[in-house]
Each structure stands twice: as C-alpha cells, then as structure tokens.
**Q** 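Provided herewith is a single structure, encoded as structure tokens, for subsequent inquiry.
Because the structure is predicted, anything quoted here is derived from the model rather than measured.
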Amino acid sequence: MLRSAVARAGAQRATFLRSFSRSAPVCAVAPPPKKQSKVTRKKEVKEKVKKGGMTHLKFGDAVRQLKYENLAADLTGLGLAELSASDLQSISSNVVIYNNHAEKTLKELGAFKKNQNHELFSRPVSMVTENTSKVHSGFIEKLASESAQNRLCLLGEKGAGKSTLVAQTQALLLSHYKGDVVLLHVDQAEKVVDGSSDYFYNPSLKKFHQPMFTKRWIKKVRAANEAVFKKMPLTEDVSFVSKKEKHSLKKEKHTIYDFLTLNHEFGFYGPSNAFQFFVKQLQAHSSKFPVLVSIDNFNALIRDPHTAYFHTDMRPVTLGDLEFGSFISLLVSGDLSFAKGGVMLSESKDLGECKTLRAGLRLEQPNPYEPAEKCDLDFAKQMTKNGGVKTFQVENLTKDQARGLLLFLDKVGVLQIREYPTKEIYKSLEESAFAPGTTINVGEYVRCQDREAQFERILQLTYFASAGNPGRFLKINSLTF
C-alpha cells in the first residue's frame, strides 16, 4: 500500500510539471525594439513639449524683467530738459529726464520702483512740481547742517508721488553737490523685519546680524557711491580676513571703497564689526561729503512692535535688537547724526494707516491705553527726540500740470484712441471689404476728426476721475498697455 501511494504521488507530480513545461514559445524573449533615428526621436520630443508663455511672472513684474522700455518710443527728439538744481525754476511744471549719471545711480539704489509705469518710456521721466521746489528749499538746502536737525517724512495718498519725490531729491543732491554726496537708500524697508533674511546673535554687540540682507544692501550702496567712496580715505587702520586671506588697510592710503570691496564680513555668518566701522567712517567724512539716508515704505518697519524674528527662547525680536534696525532707529531719533546730511522717510499707503508713525509725527495724540500691537509708544517717543521728524504733505497735480503731462503722453505715443465694441451691430470683415474706408475693425487705432476737442475731452474726464493723482492719471491714460 505504501508503494502504491508513493507511485500515485509521483504520477501526479509528473503531470503537474508537464503542465508547466519550459517550451520554447512560452519562454522566448521578446525581440529588442527597433532603433529610431535621431530625427524621429527629436520630432517626438518636440511634439510632447508644450509651449509656454514668455514668462511665469505677473504683469507688474514681467514688464520690468522683460525690459519693455526697450520697445518704447525714443525720447531724444523731444528735447526734454534734465533735472538740475540750478535750473529748477525754469523746468517747473515740465516733464524732465535724469542725466546719465543720476539715472545709473538711482537704478543701482533701487529708487525706481515697479508699478510706476517707467516701462512706458525708453528712459525714466518725472514731472517737476511745487513739491520738488518745496523739498529743495526746505530739505536739500539744509543738508549743510547735521542730519539730526534735518529729518523729513513724506506723507500723501497712494499714487501721489512720494517715491518719485525721493528719487528727485537724490538726483537734485547729485546735481547740487556735483556728485560729492553719499546716498544710502532702503527701497523695501519691509525686508528688514519680515523674516526673509538669515540672522544670528552677536554677543559683543548684543545685536542680531542679518548677513544676507546687509550684504545685498552694501553691494548696492557700494555700486551707487563708487566715485565718492574712492575720494574718502580711511581715518584709521583696519585688518580683517576675507576668503582665507588677511588684509591690512592703512589710513590715508586706502579708501572706503577698498574696504567695502575687500571685506566680505557683511555676509559672514559670525561676529563682525564691519558695519559699525563703515558707519564710523561715514561720520568722519560727513563734514566734507554730506550723507542722505532715505527709507521708502518706512511704516512697514514700525507697524508692528515686533519683527518676524525670535530669540532662542522664542521671545520676539524688536527693531532695535537688529543691527541694521538699530542703525535706522538711531538715525530717526537723531541720536546718530552726520555732520552734514539728512534723513528722508516715506510712508506707503499700501500698508494702511500706522498709528505709531502718526503718533511719532505728532499728528495724533498717543493713547496710553492703546494695545502695543497697534501703537509702539516707545518708538513714537524716539521720533520726537532732538526736535522731532518734520512732515511734508505731497500734493496732487494741478489742472495745468495734468495738461502738460497729457501733452507729453501724446507726443511719445502713449495716448492712443481705439474703437471699442459699444455699438449694437458691427459689420463683418466680408461686409466691410465692400465698403472700404467706411468701417474700422474693433481695437484698431482711429484718427480723430477734431484732435483738439478730443484731447480736451480726455483731459477733463481723466483729471476728474483721478482728482489730479499722478499715479491714477497716468494709469488711466496709458492705453497702449
């Protein structure tokens, strides 16, 4: 019985193995695919790739990155005057350009902000108004005094031209002092406190360094002030190590430009006194070379008493705890002063009303029971020290100034009249072909029968709609974009 059972099991196993026999048709390997030519493969790749747009940026950023100003009309034949301090009276209420040196300096400082419609023109332009004249007489001419007594804050509605007035002030200073002036500009003050930069604590200064922010700011300042920095010799010896190489700069032999070029401690992740040395050198030379410190979007620094940075124990870092923030605080309070110079601040209406700023400018009586998140009373008190920060209200355009600006827009081709689909019935292309000259296509530029009347109608409508606000007035009339 045992033998018969073993025999039956063996027979069943043989049958099972035969059903899974390794026959040639089953185990044959598939032949390799045919080799495609390079031309065929390239065609297939090209068909799979989707064509994208010119850029992934939004329009406001795209017009700057793609340099749309290169497509604008040339301003050479218009005979525009250059912005100059000596000719300020003769160019009042006129559209002007910046000279080549001033234009290059302002671009390096970041004084030309986006969404100012500079891309409409081949070069940045600006209109000289009463605001320019008042700033020249009330601020620029006072740069011969110490900066603690020459502090100004520009106020005004959105689009009034506060940032433009800062750029005009910088250009007028370059003209007034023949380039022998130091321009320190912060174009985006929110970058100081929004947590976008790395930071670390320096126990010797008891302040937080911001290497990435400081390095980029120093680079812009060095490029914009290269000529004047080369005229400023060091007042003391200094030694530092940069890229594993020791540098020893001697006073009266090397200049501030040499120090900023060779010293890389501004972006170094470690204790450094490079920034403090730089400020000290500027103070030593400020009796001969005036220093202008301009801060755009200033209310972004003080709308919150705390920054986006934290101590190791999660206590929030204040503006004064940052090395660069402390530098700004001392300048605004007047505790840090240059022998000749000034401090110009500009608010941004995009950030809303800032109670700390209004209390510091004495426009509102500070409320001692106000929550600290809404009003930083300590900083507001600092702004009132040493005589306080003065205010300057930026006014809108007058009717005559709006007319002059609109005439300029017409000359450069920005002001265009198009036919828009407002009628109920439009003829097709086939129908219009039988009656040439009687119809126009939608969106096509048209010629005015009475150009002067049409110009006056546009002026009345757009000036009323914008209330003379330069930003809104330009935006309404820039129809080509």
Side-chain angles (χ1 to χ4, degrees), residues 50-78 80 83 95-100 102-127 156-168 170-171 185-191 194 196 216 219-220 223-224 294 296-297 300 346 348-351 394 397 402 404-418 420 443-445 458 462 465-466 469-481:
K50 295 182 179 180
K51 295 182 179 179
M54 295 177 65
T55 177
H56 66 283
L57 299 172
K58 294 183 179 179
F59 182 78
D61 298 320
V63 291
R64 289 168 59 87
Q65 296 294 331
L66 299 179
K67 299 184 182 301
Y68 274 22
E69 63 272 13
N70 295 335
L71 304 177
D74 190 13
L75 303 178
T76 305
L78 299 180
L80 298 179
L83 182 60
V95 177
V96 297
I97 58 176
Y98 301 92
N99 62 59
N100 294 330
E103 182 179 336
K104 178 177 178 294
T105 302
L106 296 184
K107 284 183 178 179
E108 289 169 340
L109 288 174
F112 299 129
K113 302 175 65 176
K114 70 176 183 179
N115 299 328
Q116 287 185 325
N117 295 312
H118 289 297
E119 296 77 20
L120 290 169
F121 319 106
S122 59
R123 295 180 59 183
V125 298
S126 182
M127 170 163 272
E157 61 185 51
K158 179 179 173 60
K162 299 181 292 296
S163 300
T164 300
L165 191 55
V166 173
Q168 288 181 347
Q170 294 167 339
H185 182 64
V186 181
D187 57 326
Q188 294 177 316
E190 59 272 14
K191 296 293 184 181
D194 63 359
S196 60
R216 292 175 177 175
K219 183 179 180 181
K220 292 194 295 185
S294 53
D296 212 347
N297 300 352
S346 176
S348 172
K349 284 301 183 182
D350 290 334
L351 305 174
V394 181
L397 299 174
L405 180 58
L406 196 62
L407 283 171
F408 169 74
L409 297 180
D410 191 20
K411 289 181 180 179
V412 296
V414 172
L415 187 64
Q416 297 286 353
I417 303 172
R418 289 179 177 177
Y420 287 96
E444 181 182 350
Y445 293 119
I458 294 176
T462 55
S466 63
N469 183 279
R472 291 197 296 268
F473 185 81
L474 183 58
K475 184 177 182 180
I476 294 172
N477 287 290
S478 57
L479 299 182
T480 52
F481 280 163

**Q** What pair of heavy atoms forms the shortest contact from P470 to G159, and how long is it?
**A**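 Scanning both residues completely, I find the closest heavy atoms to be CD-O, 3.3 Å.
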**Q** What distance do E157 atom CD and R472 atom CZ have between them, rounded to the nearest 0.5 Å?
**A**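 Going from CD on E157 over to CZ on R472, the span is 5.0 Å.
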**Q** Can you name the nearest heavy-atom pair linking M127 to L405, along with the distance?
**A**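 Result for this residue pair: CE-N, 3.7 Å.
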**Q** Who pairs with R64 by salt bridge (Lys or Arg N to Asp or Glu O under 4.0 Å), at least two apart in sequence or on another chain?
**A**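 In terms of salt bridge (Lys or Arg N to Asp or Glu O under 4.0 Å), with neighbours along the sequence ignored, R64 is linked to no residue.
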**Q** When rounded to the nearest 0.5 angstrom, what is the spacing between CG in L397 and CG in L406?
**A**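 Reported value, rounded in 0.5 Å steps: 11.0 Å.
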**Q** As a quick check of understanding, evaluate side-chain contact (heavy atoms from CB on, under 4.5 Å) for F121 and V414, giving each step before the final call.
**A** CA-CA 9 Å; F121 319 106; V414 172; 4.0 Å; yes
**Q** Using the test salt bridge (Lys or Arg N to Asp or Glu O under 4.0 Å), find all partners of K104 that sit at least two apart in sequence or belong to another chain.
**A**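 With neighbours one apart ignored, the set is E108.
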**Q** Output all residues satisfying salt bridge (Lys or Arg N to Asp or Glu O under 4.0 Å) with R216, sequence neighbours left out; order by chain, then residue number.
**A**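 None.
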**Q** Can you measure from CG (L415) to CD1 (I458) and round to the nearest 0.5 angstrom?
**A**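 The CG atom of L415 sits 4.5 Å away from the CD1 atom of I458.
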**Q** Under the side chain to side chain contact (heavy atoms under 4.5 Å, CB included) test, which residues partner D194, sequence neighbours left out?
**A**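 Scan of D194 (side chain to side chain contact (heavy atoms under 4.5 Å, CB included), adjacent residues dropped) gives K191, S196.
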**Q** List for me each residue that meets side chain to side chain contact (heavy atoms under 4.5 Å, CB included) alongside S126, sequence neighbours excluded, and say none if there are none.
**A**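 Partners of S126 by the side chain to side chain contact (heavy atoms under 4.5 Å, CB included) criterion, ordered by chain and then number, come out as Y98, T164, Q168.
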**Q** For the atom pair CG (D187) and CG (L106), what is the distance rounded to the nearest 0.5 Å?
**A**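 Taking CG in D187 and CG in L106, the distance rounds to 11.5 Å.
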**Q** Residues two or more places apart in sequence or in another chain: which of them pass side chain to side chain contact (heavy atoms under 4.5 Å, CB included) with K411?
**A**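 Expected list: L78.
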**Q** Going by side-chain hydrogen bond (donor to acceptor under 3.5 Å, both in side chains), name the residues that satisfy it together with K158, two or more places apart in sequence or in a different chain.
**A**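 Result, side-chain hydrogen bond (donor to acceptor under 3.5 Å, both in side chains) vs K158: D350.
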**Q** Is there side-chain contact between K162 and V166, with heavy atoms separated by less than 4.5 Å?
**A**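 Counting from C-beta outward, K162 and V166 never come under 4.5 Å.
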**Q** CD of Q116 to OG of S163: how many Å apart, nearest 0.5 Å?
**A**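 Rounded to the nearest 0.5 Å, the CD-OG separation comes to 5.5 Å.
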**Q** Mind checking what makes salt bridge (Lys or Arg N to Asp or Glu O under 4.0 Å) contact with D61, not counting sequence neighbours?
**A**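 If we apply the salt bridge (Lys or Arg N to Asp or Glu O under 4.0 Å) test to D61, skipping adjacent residues, the hits are K114.
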**Q** So which heavy atom on H185 is nearest to which on L109, and how close?
**A**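 Looking at all heavy atoms of both residues, the closest pair is CD2-O, 3.5 Å.
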**Q** Would you name the heavy atoms of D296 and A189 that are closest together and state the gap between them?
**A**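 D296 and A189 have their closest heavy atoms at O-CB, 3.3 Å.
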**Q** Can you tell me how far the CZ atom of R123 sits from the CG atom of L80, to the nearest 0.5 Å?
**A**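 Here the interatomic distance stands at 9.0 Å.
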**Q** Hey, is NZ on K349 packed in by over 12 heavy atoms from elsewhere, all under 6.0 Å?
**A**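 Above 12, so yes.
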**Q** Mind checking side-chain hydrogen bond (donor to acceptor under 3.5 Å, both in side chains) for N297 and listing every partner two or more places apart, or none if nothing turns up?
**A**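 By the side-chain hydrogen bond (donor to acceptor under 3.5 Å, both in side chains) rule, N297 matches K113, E190.
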**Q** Got a list of side-chain donor-acceptor pairs under 3.5 Å for residues 70-77, not counting sequence neighbours?
**A**
from : atom 1 : to  : atom 2 : distance (Å)
D74  : OD1    : T76 : N      : 3.3
D74  : OD1    : T76 : OG1    : 3.0
D74  : OD2    : T76 : OG1    : 3.0

**Q** Please list, chain by chain and in numerical order, all residues satisfying side-chain hydrogen bond (donor to acceptor under 3.5 Å, both in side chains) with D410, sequence neighbours excluded.
**A**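 R451.
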**Q** Given side chains that start at C-beta, do those of L474 and L409 come closer than 4.5 Å, heavy atoms only?
**A**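 A side-chain contact under 4.5 Å exists here.
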